Protein chains: 2
Amino acid sequence: MTDDIVASVVRQWQTVNPGLDTGPMEIIGRINRCAALLQQAEDAPLRSAGLTRAEFDLLGAVRRTDRELTPGELARETFSSGAAVTKRLRALQDRALVERRGDDRDRRVAHVRLTDEGRALVDRLLPEQLAYERSVLAGLDQPGRDELASRLSELLVQLEGRLGGARR
Amino acid sequence: MTDDIVASVVRQWQTVNPGLDTGPMEIIGRINRCAALLQQAEDAPLRSAGLTRAEFDLLGAVRRTDRELTPGELARETFSSGAAVTKRLRALQDRALVERRGDDRDRRVAHVRLTDEGRALVDRLLPEQLAYERSVLAGLDQPGRDELASRLSELLVQLEGRLGGARR
DNA sequence: AGCAGGTATTACACCGGTAAACGATTTGAC
DNA sequence: GTCAAATCGTTTACCGGTGTAATACCTGCT
């Protein structure tokens, strides 16, 4: 069992400040570090298609709900600000991947849907992306992956309850 | 067992595209989501001290290594670009939390150390931060936390080997 | 001296968030 | 019924933070 960066950081803290309860770092530090490493590399298949992770998330949200979404819904779905969604929509629209359509009843709201190219792009990219992710996770055996997924789900439920409630 | 956001996203994908192997999402999606939620809220104690997470990481790196570090070392230690470190150092120096000292031998390199206030600030903030993080993790029992930490460590080792090697 | 390699900083551009602005709709008082 | 005010969804304006790439500077070797 070799140790990771977080383990050595924790060891440094213990040396310098022996009383410290560094327990939380072992989880939160690792989650942050994993997320950082993943985001740096994970997007390789996306980048080759000229897409940001955030843009892909947006396209994916429209694709998987299989209906038109409003910018507001997209903002909630992708956990980003309305302004960010607006900008991404403009960029994606300029590339003819999404279309805007004004609501007939309420002219404040817009409806966003994928163009055929947008849909085709997502359907081509997502399997590539998942295959890449699968290769990244290949170092863990199946029981380990299940265990990890289930623990993360537990944690995520906690976080959503505690923090997601305070959101918005 | 209630399910989290990732579970419902996976379900949506399965509805729309039944053949898809969504396994990787169960881990990577959750890690990203946890990291996002944590970073939004986790920094509460820091923000009250007027510090960014990145700035705190930088101060922490100097504190825990217990010696002067060069900007380059700090960039590697905090996994950010040299330019970002330069700017953060300027900001922290303006607030008298760190000091720069030029090397006598090699006048390219600088050495960064904490001022007394900087050191005091870290030593005051870190326990607060850890206490806050502990409260966030309180929903998991101790065996669950250990299990999670250990699985994350496994994954992190894999990622560092696979991706960290490609870094620089 | 000149050149190759290394360190830190600066210049520039992108991306995201907050807050203000804008247009549209609903509510409520008269 | 109508007007004014509050509310809502979206967009725009602005700002801060980060990365890449160009720059300045230094060292050590030939």
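A quick note: this is a predicted structure, and the numbers were derived from the prediction, not measured. Numbered from 1 within each chain, the chains take letters A, B, ... in sequence-line order.
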message: Here's a test of your reading of the structure: between Glu55(B) and Arg90(A), which maps to the more 5' nucleotide of DNA chain D?
response: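 This one resolves to Arg90(A).
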task: Assign Ala83(B) to base, sugar-phosphate, or nothing according to its heavy-atom contacts below 4.0 angstrom with the strands shown.
output: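 Base contact.
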Take the protein atom [atom1] of [X] and the nucleotide atom [atom2] of [N], then report the distance between them rounded to whole Å.
X         : N       : atom1 : atom2 : answer
Arg47(A)  : dC15(C) : CZ    : P     : 10 Å
Arg88(A)  : dT12(D) : CZ    : P     : 16 Å
His111(B) : dA8(C)  : NE2   : C1'   : 13 Å
Phe79(B)  : dG19(D) : CZ    : C1'   : 17 Å
Arg53(A)  : dG16(C) : CZ    : C1'   : 17 Å
Asp57(A)  : dC15(C) : CG    : C1'   : 15 Å
Arg101(B) : dA8(C)  : CZ    : C1'   : 16 Å
Leu69(B)  : dT7(C)  : CG    : P     : 14 Å

message: So, does Thr70(B) get its side chain near the phosphate of dA8(C), meaning an N or O under 4.0 Å from OP1 or OP2?
response: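 Yes.
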message: With a cut-off of less than 4.0 Å, is there a side-chain N or O of Arg100(B) near OP1 or OP2 of dT9(C)?
response: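 Checking dT9(C) against Arg100(B), a side-chain N or O does come within under 4.0 Å of OP1 or OP2.
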query: When you check the gap from the basic side-chain N to the acidic O, do Arg151(B) and Glu154(B) get nearer than 4.0 Å?
result: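 Counted as a salt bridge, because a side-chain N and a carboxylate O are separated by less than 4.0 Å.
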task: Could you tell me whether Arg119(A) atom CZ has more than 12 heavy atoms of other residues or ligands within 6.0 Å of it?
output: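 It does not: Arg119(A) CZ has 12 such atoms or fewer within range.
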- prompt: Just by distance, with hydrogens left out, do Glu133(B) and Gln129(B) show a side-chain donor and acceptor under 3.5 Å apart?
  reply: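 Per modelled atom types, Glu133(B) and Gln129(B) side chains form a pair under 3.5 Å.
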message: If only side-chain N and O atoms count, and only distance matters, is there a donor-acceptor pair under 3.5 Å linking Gln39(A) with Arg53(A)?
response: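 Short answer, no.
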query: When Val62(B) is tested against each of Leu92(B), Leu114(B), Leu97(B) for side-chain contact (heavy atoms from CB on, under 4.5 Å), which residue passes?
result: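 The passing option is Leu114(B).
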query: On a plain distance test, is the side chain of Lys87(B) in donor-acceptor contact with the base of dT18(D) below 3.5 Å?
result: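 Indeed there is one.
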message: So, under a plain 3.5 Å distance rule, would you say the side chain of Arg107(B) forms a donor-acceptor pair with the base of dC26(D)?
response: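 Looking at the base of dC26(D), it does not pair with any donor or acceptor on the side chain of Arg107(B) (distance under 3.5 Å).
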message: On DNA chain C, compare the nucleotides closest to Leu89(B) and Asp104(A); which residue's is nearer the 5' end?
response: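 Closer to the 5' end of DNA chain C: Leu89(B).
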- prompt: Mapping Gly82(A) and Arg105(A) onto DNA chain C by nearest heavy atom, which one lands closer to the 5' end?
  reply: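 So the residue in question is Gly82(A).
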message: Nearest to the side chain of Arg108(A), heavy atoms from C-beta on, is which of dC8(D), dT20(D), dT12(D)?
response: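 It is dC8(D).
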query: Which listed nucleotide (dC26(D), dG19(D), dT9(C)) is nearest to the side chain of Asp106(B)?
result: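 Comparing dC26(D), dG19(D), dT9(C) against the side chain of Asp106(B), the answer is dC26(D).
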